[in-house]
Amino acid sequence: MDFQLNDQQRELIEGTERLGRQLQAQAKEAGDAEHHGDFEPMHKLRRDMAANGLLGLNMPTEYGGMGLPLLDTLLLIQSLQKIDSTLGGLAHRTSTGAIGAILELGNQAQKDRYVTGVARGEFGVSIGITEPDAGSAATAMKTRGRIEGDDVFIRGQKIFISAAKAHKYTMLYCRFGSTGSARDIGAIVVPHDAPGFSISPGTLNMAGERQYELFFDDCKVPRENILAESNAFGKLISVYNAERLGSMARMLGSAQASFEFALQYVQERKQFGRELADFQGLQWMLAEMKVKLEAAQLMVWRAASNAMTGLPVPVETSMAKVYVAQACKEICDDAIQLLGGYGYMTEYPVEARYREVRGGSIYGGTLQIHKNMIAAHLLGRKNNQWAPKAET
Ligand SMILES: Cc1cc2nc3c(=O)[nH]c(=O)nc-3n(C[C@H](O)[C@H](O)[C@H](O)COP(=O)(O)OP(=O)(O)OC[C@H]3O[C@@H](n4cnc5c(N)ncnc54)[C@H](O)[C@@H]3O)c2cc1C
């Protein structure tokens with residue numbers, strides 16, 4: 001067991017931070033433009049990040065990726081997120097995002113097309129799971145694909161889909177069978193120009209990013225786009241654990257940025273004729289923030305290290321998620337407190353960091369859902385939350 005980052009990892013982080021800082025202003029512009037519905041700057045940023053080796057970090061080199069282990073990938077996502085949330089988001093979605101599932105479940109042609117396209121910055125792929133009536137209870141999804149010859153006709157609706165309007169495809173979870181059980185659930189890649197497909201204008205979330213509704217009105221997609229026709233939900237969720245770790249790396253990057261800003265600030269700001277850093281009450285806050293940050297990192301690193309030869313262990317991912325989301329929220333909240341009124345103002349960076357990490361307790365499975373999974377594991381029980389069937 002080695003808790004030190006090695007020289008190569010330190011160099012990777014330093015090099016990535018250098019590149020990230022060069023792209024920082026461009027990323028801010030791209031994020032602002034996307035906020036207002038202009039996606040061109042984001043496409044350009046995507047291509048520039050790919051040219052600098054910042055996309056597809058853990059994707060195999062044969063598909064245009066950087067071939068890094070999951071742990072190194074997460075370290076770099078965290079480094080980029082620390083600089084700018086748009087950089088962190090692109091690194092995450094093109095590494096630990098939908099293409100992880102395509103790499104795992106796809107055939108050769110699908111991998112050549114989608115994994116390579118995403119890793120090279122040509123386009124993005126969203127993940128479509130959540131529906132208006134199927135949030136935490138994801139297996140209650142109703143969206144269905146009907147196979148007719150060489151085509152699939154999809155009917156249904158998804159909600160809260162991240163980055164969909166900036167992306168060219170969605171990896172859609174939907175039902176193909178009709179048993180009504182989770183066994184019916186498979187996945188298909190849906191091009192956003194498919195007939196019968198449409199996207200809502202999007203709703204702004206607390207972090208200033210847009211979440212989209214996707215509508216499938218007998219949306220016609222070639223059958224060859226199917227990744228898995230049935231019995232895929234368990235496998236998809238196992239792959240999704242890497243996505244969850246990627247989003248935790250983003251939370252860590254935001255919390256680290258908040259912590260470092262506050263640490264500097266308390267050594268500059270004076271009250272009562274002394275530095276804020278001289279007050280023991282604030283020193284203890286700093287100490288607690290640092291302890292939480294280190295502990296959260298270690299949980300993510302453990303889950304990633306243990307996944308080197310395969311997929312992350314579900315219970316390690318869930319435990320990391322519960323701790324990281326909570327710890328990062330508290331670190332970012334404390335950073336606001338350390339800055340006083342300035343921390344609450346948008347001119348200072350810490351309030352935005354709090355808004356960035358807040359969603360982490362909700363997306364990728366809420367904290368309560370992850371606690372259910374941890375408890376089921378501890379008790380050796382099946383994690384079944386469904387209401388008992390009424391007696392007839
Ligand atoms: C920023 C953001 C990005 C997202 N991106 C995507 C995306 O790209 N693709 C996608 O498919 N989805 C995405 N989502 C959706 C996300 O996965 C869902 O919001 C999440 O799964 C919760 O579902 P819900 O919102 O319907 O809440 P609900 O399921 O209605 O839950 C409401 C509350 O009840 C609690 N609860 C529900 N069931 C239980 C239970 N059994 N035990 C204890 N508590 C319970 C929950 O924890 C929560 O506190 C995103 C969401 C956010 C906020």
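Ligands are counted one by one from 1 in listed order, and the atoms in each one are counted from 1 as well. These numbers were taken from a predicted model, which means no experiment stands behind them.
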Ser162 near ligand 1 by a heavy-atom separation under 4.0 Å: yes

Taking non-hydrogen atoms only, is Gln211 closer than 4.0 angstrom to ligand 1 via side chain, backbone, both or neither? side chain

Pair Arg355 + Glu351: basic N to acidic O under 4.0 Å: yes

Is any NZ, NE, NH1 or NH2 atom of the basic residue among Arg250 and Glu209 found under 4.0 Å from an Asp or Glu carboxylate oxygen of the other? yes

Does the side chain of Thr317 come within less than 4.5 Å of Met248's, by heavy atoms? yes

Would the number of heavy atoms belonging to other residues, nucleotides or ligands and lying under 6.0 Å from CZ of Phe279 be above 12? yes

Salt-bridge present (Asp84, Lys28; N to O < 4.0 Å): no

Should the pair Glu294-Lys290 be classified as a salt bridge under the 4.0 Å nitrogen-to-oxygen rule? yes

Could you find the nearest protein heavy atom to atom 25 (O) of ligand 1 and give me its residue, atom name and distance? Phe160 CE1, 3.7 Å

For residues His92 and Ser247, is any side-chain donor paired with an opposing acceptor at under 3.5 Å? no

Nearest protein heavy atom to atom 2 (C) of ligand 1, by residue and atom, and its distance? Tyr363 CD2, 3.6 Å

Only heavy atoms of Gln385, strictly under 4.0 Å: list the atoms of ligand 1 that pass. 41 (N)

Could you tell me whether Gln368 and ligand 1 have an N or O pair separated by under 3.5 Å? yes

Between Leu367 and ligand 1, find which residue part has any heavy-atom pair under 4.0 Å and reply side chain, backbone, both or neither. neither

Looking only at protein heavy atoms, which one is nearest to atom 12 (N) of ligand 1, and what is the separation? Thr130 OG1, 2.7 Å

At less than 4.0 angstrom from any non-hydrogen atom of Ile127, what atoms of ligand 1 do you find? 7 (C), 8 (O), 9 (N), 10 (C), 11 (O)

Basic-acidic side-chain contact under 4.0 Å: Lys329, Asp333: no

closest protein heavy atom to atom 39 (C) of ligand 1 is Ile369 CD1, 3.7 Å

Is there at least one protein heavy-atom neighbour under 4.0 Å from atom 35 (C) of ligand 1? no

With only distance considered, is Gly365 within less than 3.5 Å of ligand 1 through an N or O on each side? no

Return a yes/no value for Ile161: is any of its N or O atoms, backbone included, closer than 3.5 angstrom to an N or O of ligand 1? no

What do the steps show when you test Arg210 against Lys165 for side chain to side chain contact (heavy atoms under 4.5 Å, CB included), and what is the final call? CA-CA 9 Å; Arg210 279 184 194 275; Lys165 240 181 183 152; over 6 Å; no

Protein residue, atom and distance nearest to atom 42 (N) of ligand 1, heavy-atom basis: Asn372 ND2, 3.1 Å

With a 4.0 Å cut-off, strictly under, does atom 30 (O) of ligand 1 pick up any protein heavy atom? no

One finds that the ligand 1 atoms under 4.0 Å from a non-hydrogen atom of Ile129 are 10 (C), 11 (O)

So if you build clusters from Ile, Leu, Val, Met, Phe, Trp, Tyr with side-chain heavy-atom gaps below 4.5 Å, do Val324 and Phe259 land together? yes

Ring centre gap for Tyr114 and Tyr169 strictly below 6.0 Å: yes

Within the structure provided, determine whether Leu252 and Gln81 are in side-chain contact (heavy-atom separation under 4.5 Å). no

Please list the nearest protein heavy atom to atom 24 (P) of ligand 1 with its residue and the distance rounded to 0.1 Å. Gly135 CA, 4.0 Å

What protein heavy atom lies closest to atom 27 (O) of ligand 1? Include the residue and the distance to one decimal. Ser136 OG, 4.2 Å

Any atoms of ligand 1 less than 4.0 Å from a non-hydrogen atom of Thr366? List them with their elements. 22 (C), 46 (C), 47 (O)

Within the protein, is there a heavy atom lying under 4.0 Å from atom 16 (C) of ligand 1? yes

Parallel, tilted or perpendicular, judged at 30° and 60°: which one describes the rings of Tyr342 and Tyr265? tilted

Quick check on contacts: which atoms of ligand 1 are under 4.0 angstrom from a heavy atom of Ile362? 19 (O), 20 (C), 53 (C)

Under 3.5 Å, N or O to N or O, is Asn205 touching ligand 1 that way? no

